[in-house]
Amino acid sequence: MTERRTLLGSIAMAVLLTLTVPSGLALAKDRPAAQAQAPLVVTDIAGREVAVQAPVQRILLGEGRQLYLIASLAPENPLSLIVAWRNDLIEADPATYAQYLMAFPELADLTTFKGQEDSLIDIESAIIQKPDVVLLNLEAMRANEDAEYVEKLAALDIPVLYVDFRHMPLENTDPTIRLLGKIMGREDRAEEIVAFRRKAMAEVTDVIAAQRPERPNVFIERIGGYSEECCLTFGPENFGKYVELAGGHNIGSDFLPATFGQLNPEQVIVSNPEHVVVTSADWEAYVPGGRWIPVGPGEDTENAREKLDWYTTRNAYAGTEAQEKQNFHGIWHQFYNSPYDFVAVQQMAKWFHPELFADLDPDETFAEYHRRFLPVDYLPGYAVSLSDNPS
């Protein structure tokens, strides 16, 4: 199979290098007759107007974790709509991959390609698979513009749409859900997901707005165990924004203008966090035996708590209120890049304000989302805490 894909890839690249407009039109004619209809013009998250033959039947995922939304919109068989994907979900979220592999064994045969969050897609896979649409992360826009990949794919009648769960998730997640709902012919389903998310968020934000509690200083240690560097964190977006919605004050927002960045340990100590939240996951594929915290579906909470305990010894937290009170928490890193961010907001609200959110159950909220929208069962294990009030 690998040799065959390599041969096909070589042939496909040769086709691309000699491509003319008539060739692109010929490929377009090869599409199923059912798609011979007026294209649907949509606006993607980058503000680009793109014509798509909808409803799409063949999607190439520029990031494997886009499966989270595809499966939410089409739970009966999301794999029937995906023709190729980047291998990040397999490596970065092996527990979820195992769940979907059990539910859809054909997942093992899906064409995969390597790459990074902000990198180029595998254009060979795109040519061979002839998808109806390619989904790319917003942060990959610069790399693909420089390589003119979008133009090359357009010549093959393959449209590209930019989506975003990571760069500005609070602003772009709902539009991304609606965009995919539109091109998949699942607009009503998309609105149900949006409504669920908003209700789950409001269960926190309405209480914070009404009660106006004192906001504890919170430091988010980003990708704990993936890198030995200290101290990677979030600025005013993504988990930084989640902290604010949950009733905390994100220390990283005081110093970083962008979504991602790094503070030195001395600055963290001076800022004196009352809570430290470590985003992590099972990253054995990247850092074998590393200090990552195995949180995610079905993970062993006691094992995760033991690994979280090491973070209390980091120099960056010496003498801080978080260290004194043992307010250290571990949370599934993929909440930063999925339509599931409302779970992170609920979980952190319970950690920061246990008295206000004693009746809030993030596990049950996520379990309900699974029952309503996903084709796999909910398995707890997405968060762990050393504090006296773990969920």
Side-chain angles (χ1 to χ4, degrees), residues 39-56 58-74 78 81-82 85-86 88-89 115-121 126 131-154 158-187 189-198 201 234-242 245 257-260 334-342 344 373:
L40 173 68
V41 178
V42 296
T43 302
D44 72 2
I45 302 304
R48 302 161 54 251
E49 287 193 347
V50 182
V52 179
Q53 293 290 348
V56 295
R58 298 175 60 80
I59 306 173
L60 185 145
L61 305 185
E63 176 167 289
R65 285 167 288 186
Q66 292 163 354
L67 175 66
Y68 303 144
L69 179 54
I70 301 296
S72 299
L73 290 165
L81 300 174
I82 302 171
W85 66 344
R86 187 159 63 82
D88 57 283
L89 185 138
Q116 301 297 321
E117 293 164 353
D118 58 353
S119 69
L120 303 171
I121 62 166
D132 298 327
V133 67
V134 173
L135 302 182
L136 294 180
N137 290 330
L138 188 62
E139 59 265 32
M141 190 172 179
R142 176 62 183 273
N144 284 280
E145 283 181 340
D146 289 347
E148 298 184 342
Y149 270 21
V150 174
E151 291 79 6
K152 292 171 182 175
L153 291 173
I158 300 174
V160 170
L161 293 176
Y162 286 104
V163 299
D164 180 42
F165 297 110
R166 184 188 292 109
H167 182 59
M168 299 181 68
L170 274 298
E171 180 177 328
N172 292 336
T173 294
D174 286 351
T176 293
I177 293 170
R178 287 176 166 136
L179 173 64
L180 266 63
K182 192 168 188 177
I183 67 171
M184 293 171 63
R186 306 285 179 118
E187 291 178 89
R189 179 82 170 182
E191 289 305 321
E192 291 176 12
I193 295 170
V194 168
F196 185 97
R197 285 171 36 79
R198 292 187 173 184
M201 287 284 197
F234 292 88
E237 261 299 340
N238 204 288
F239 259 93
K241 186 70 171 179
Y242 305 166
L245 293 175
T259 302
F260 308 107
Q334 311 310 334
F335 286 132
Y336 95 122
N337 184 35
S338 69
Y340 311 146
D341 51 2
F342 58 89
F373 300 111

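Remember, it's a predicted structure, so these values are computed and weren't measured experimentally.
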- Note on the structure: So CD of E63 and CG of L136: to nearest 0.5 Å the spacing works out to 10.5 Å
- Query: For L69 and V163, what are the C-alpha separation, side-chain angles and deciding distance, and is it a side-chain contact (heavy atoms from CB on, under 4.5 Å)?
  - Reply: CA-CA 11 Å; L69 179 54; V163 299; over 6 Å; no
- Check whether any side-chain N or O of T176 sits under 3.5 Å from a backbone N or O of D164 as a donor-acceptor pair, and report yes or no. yes
- Query: From I45 CD1 over to Y162 OH, what is the distance, rounded to the nearest 0.5 angstrom?
  - Reply: 13.0 Å
- Query: Any donor-acceptor pair under 3.5 Å linking the side chain of D88 with the backbone of R65?
  - Reply: yes
- Message: Tell me the closest heavy-atom pair linking R48 and L161, and the distance in Å.
- Response: NH1-CA, 4.2 Å
- Message: Nearest 0.5 angstrom please: I177 CD1 to F165 CZ, how far?
- Response: 6.0 Å
- Shortest non-hydrogen contact from Y68 toward L89: CE2-CD1, 3.8 Å
- Query: How about V160 and V50: do any of their side-chain heavy atoms sit closer than 4.5 Å?
  - Reply: no
- Any side-chain heavy atom of D174 sitting closer than 4.5 Å to one from R198? yes
- Item | Distance, nearest 0.5 Å, that separates CG of L180 from CD1 of I70 | 4.5 Å
- What do the steps show when you test F234 against Y336 for side-chain contact (heavy atoms from CB on, under 4.5 Å), and what is the final call? CA-CA 10 Å; F234 292 88; Y336 95 122; 4.3 Å; yes
- Go through the steps to decide whether V56 and L81 satisfy the test side-chain contact (heavy atoms from CB on, under 4.5 Å), and finish with yes or no. CA-CA 8 Å; V56 295; L81 300 174; over 6 Å; no
- Ring centres under 6.0 angstrom apart (F342, F196): yes
- Message: Taking R58's backbone N and O only, do any of them form a donor-acceptor pair with D132's side chain (distance below 3.5 Å, no angle check)?
- Response: yes
- Item | Steps toward side-chain contact (heavy atoms from CB on, under 4.5 Å) verdict (I59, Q66) | CA-CA 11 Å; I59 306 173; Q66 292 163 354; over 6 Å; no
- Query: Is it true that K182 and E187 make a salt bridge, defined as a side-chain N closer than 4.0 Å to a carboxylate O?
  - Reply: no
- Flag, side chain of R189 to backbone of F373, donor-acceptor distance under 3.5 Å: yes
- Item | Residues forming a side-chain contact (heavy atoms from CB on, under 4.5 Å) with A51, sequence neighbours excluded | P39, V41
- Message: On a heavy-atom basis, which atom in Y242 and which in D341 lie closest, and how many Å separate them?
- Response: OH-CB, 3.2 Å
- Nearest heavy-atom contact between G62 and R86 is O-NE, 2.9 Å
- Query: Do L170 and L245 touch side chain to side chain, with heavy atoms closer than 4.5 Å?
  - Reply: yes
- On a heavy-atom basis, the closest approach of M184 and A74 is CE-CB, 3.9 Å
- Note on the structure: Heavy-atom nearest pair, R186 first then L73, reads NH1-O, 2.9 Å
- Query: So, does R197 use its side chain to make a donor-acceptor pair with the main chain of P339 at under 3.5 Å?
  - Reply: yes
